[in-house]
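Just so it is clear, the values below take in all heavy atoms, side chains as well, and ignore hydrogens, waters and symmetry mates. For ligands, and for the atoms within them, numbers begin at 1 and follow the listed sequence.
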Amino acid sequence: MSPTYDVIVIGLGGMGSAAAHHLSAGGARVLGLEKFGPVHNRGSSHGGSRITRQSYFEDPAYVPLLLRAYELYDDLHRATGREIAIRSGGVMVGHPGSLAVSGSLQSARQWDLPHELLDAKELRRRFPTFTPRDDEVALYERKAGLLRPEHTVAAHLQLATRQGADLHFEEPMTRWEPYRDGVRVHTAENTYTAGQLVVCPGAWAPQLLTDLGVPFTIERQVMYWFQPKNGVEPFLPGNHPIYIWEDSQGAQVYGFPAIDGPALGAKVAFFSKGEVTTPETIDRTVYDHEVQDMADHMSRCIPDLPGTFLNAATCMYSSTPDENFVIARHPAHPDSVTVACGFSGHGFKFVPVVGEILADLALTGTTEHPIGLFDPARLAAAPAPA
Ligand SMILES: Cc1cc2nc3c(=O)[nH]c(=O)nc-3n(C[C@H](O)[C@H](O)[C@H](O)COP(=O)(O)OP(=O)(O)OC[C@H]3O[C@@H](n4cnc5c(N)ncnc54)[C@H](O)[C@@H]3O)c2cc1C
């Protein structure tokens, strides 16, 4: 007889590990299946740091979820003792009309979030590594900072295991089908049955969720670490905020304090300079011209940052056409399947609240969290004309 579970979670990366934790915390019998080992670097949840912030320029509708995510990240730290979040403060820099500045300001005002507006002179005074143009401004948010993605995933896996979840690594799902009132899931080794399936496939969404009707784009993105010139001191946490800096063309770079000690430099990346790829074909080599491009770009904004190039790594975004997430009951299998995908390069700060939402949806069919923005129906291909 195959083992029977209440819920099977596919993918134990950022979202799936959080779902396994929240489901098992509620007493559900959970099986988690992961293609690779625990806390791996072949998906979207590695690289040592992720930005978190509350004045969300993408859409104020995300703010209630961020407020809950902050609480849950604190709970995760308390429950495991791991270093999960570093609240370094953060600046969103650009022309006053840029999305990074004006969108952040809109969210901050709408939700009454603590923030300050800094002109170029004040930005230079507070954070001397920054060299804004005179017409650039910044929204400073003291609650912004960074999250440790690997520690977060490890903490959720640890709690899920402690709560009795069965987590199987190096055991990818090969296929699934509806079975009785639930689902049957196949791997090379075994067949499992459950009442509910929760699919958190990251960059594998185009393969695992073909019938969702969402056109995902999988993108290769590069993270760069530089040893600053003129000393690392101004870049150490406590002295340096996280930042998102939008240029006059709307392109954004973002970066972090030097959180891994003086020898390991500070990380910086373009938000979206990726090429379309797939998890099977992604080019993991980072080329000299890419490093040079990053160094040239930063020499205008933070000229001390691109001293010595230390390291680079690739990662994948799974983007939807409007860059909003997909979190919902599967429209083709609304009684038994829940999906969380299309995080479009900005999902990590939501990981624990997504886990909570997935547990709600799988166990009760609904959630009190506001997830209307994430309905896949908004992206479903228009029916072909008759
Ligand atoms: C370079 C980069 C920078 C980013 N910066 C930020 C940031 O600053 N702030 C922020 O909020 N977000 C950021 N993000 C986005 C964020 O990291 C992602 O949205 C988030 O990690 C996605 O989590 P996930 O669970 O969807 O994907 P993953 O963590 O990749 O998990 C998906 C899992 O599914 C598994 N899987 C796939 N197929 C199968 C199968 N058949 N069977 C079993 N398992 C399977 C995979 O192995 C993988 O472990 C960034 C992403 C990248 C790449």
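- The closest side-chain donor-acceptor pair between Glu219 and Ser319 falls under 3.5 angstrom.
- The existence of a salt bridge linking Arg124 and Asp134 is confirmed by a sub-4.0 Å separation between a basic side-chain nitrogen and an acidic carboxylate oxygen.
- Checking Gln158 against Thr80 by side-chain atom types alone, no donor-acceptor pair falls below 3.5 Å.
- With hydrogens and angles left out, the side-chain atoms of His240 and Thr129 include a donor and acceptor closer than 3.5 Å.
- Around ligand 1, the residues contributing at least one heavy atom under 4.0 Å from the ligand are Ile10, Gly11, Gly13, Gly14, Met15, Leu33, Glu34, Lys35, Phe36, His40, Gly43, Ser44, Ser45, Arg50, Ile51, Pro172, Met173, Cys200, Pro201, Gly202, Trp204, Leu208, Met223, Tyr254, Cys315, Met316, Tyr317, Phe343, Gly345, His346, Gly347, Phe348, Lys349.
- At a cut-off of 3.5 Å, with distance as the only test, no side-chain donor of His95 or Glu246 sits close to an acceptor on the other residue.
- The existence of a salt bridge linking Arg300 and Asp247 is excluded, since no basic side-chain nitrogen approaches an acidic carboxylate oxygen closer than 4.0 Å.
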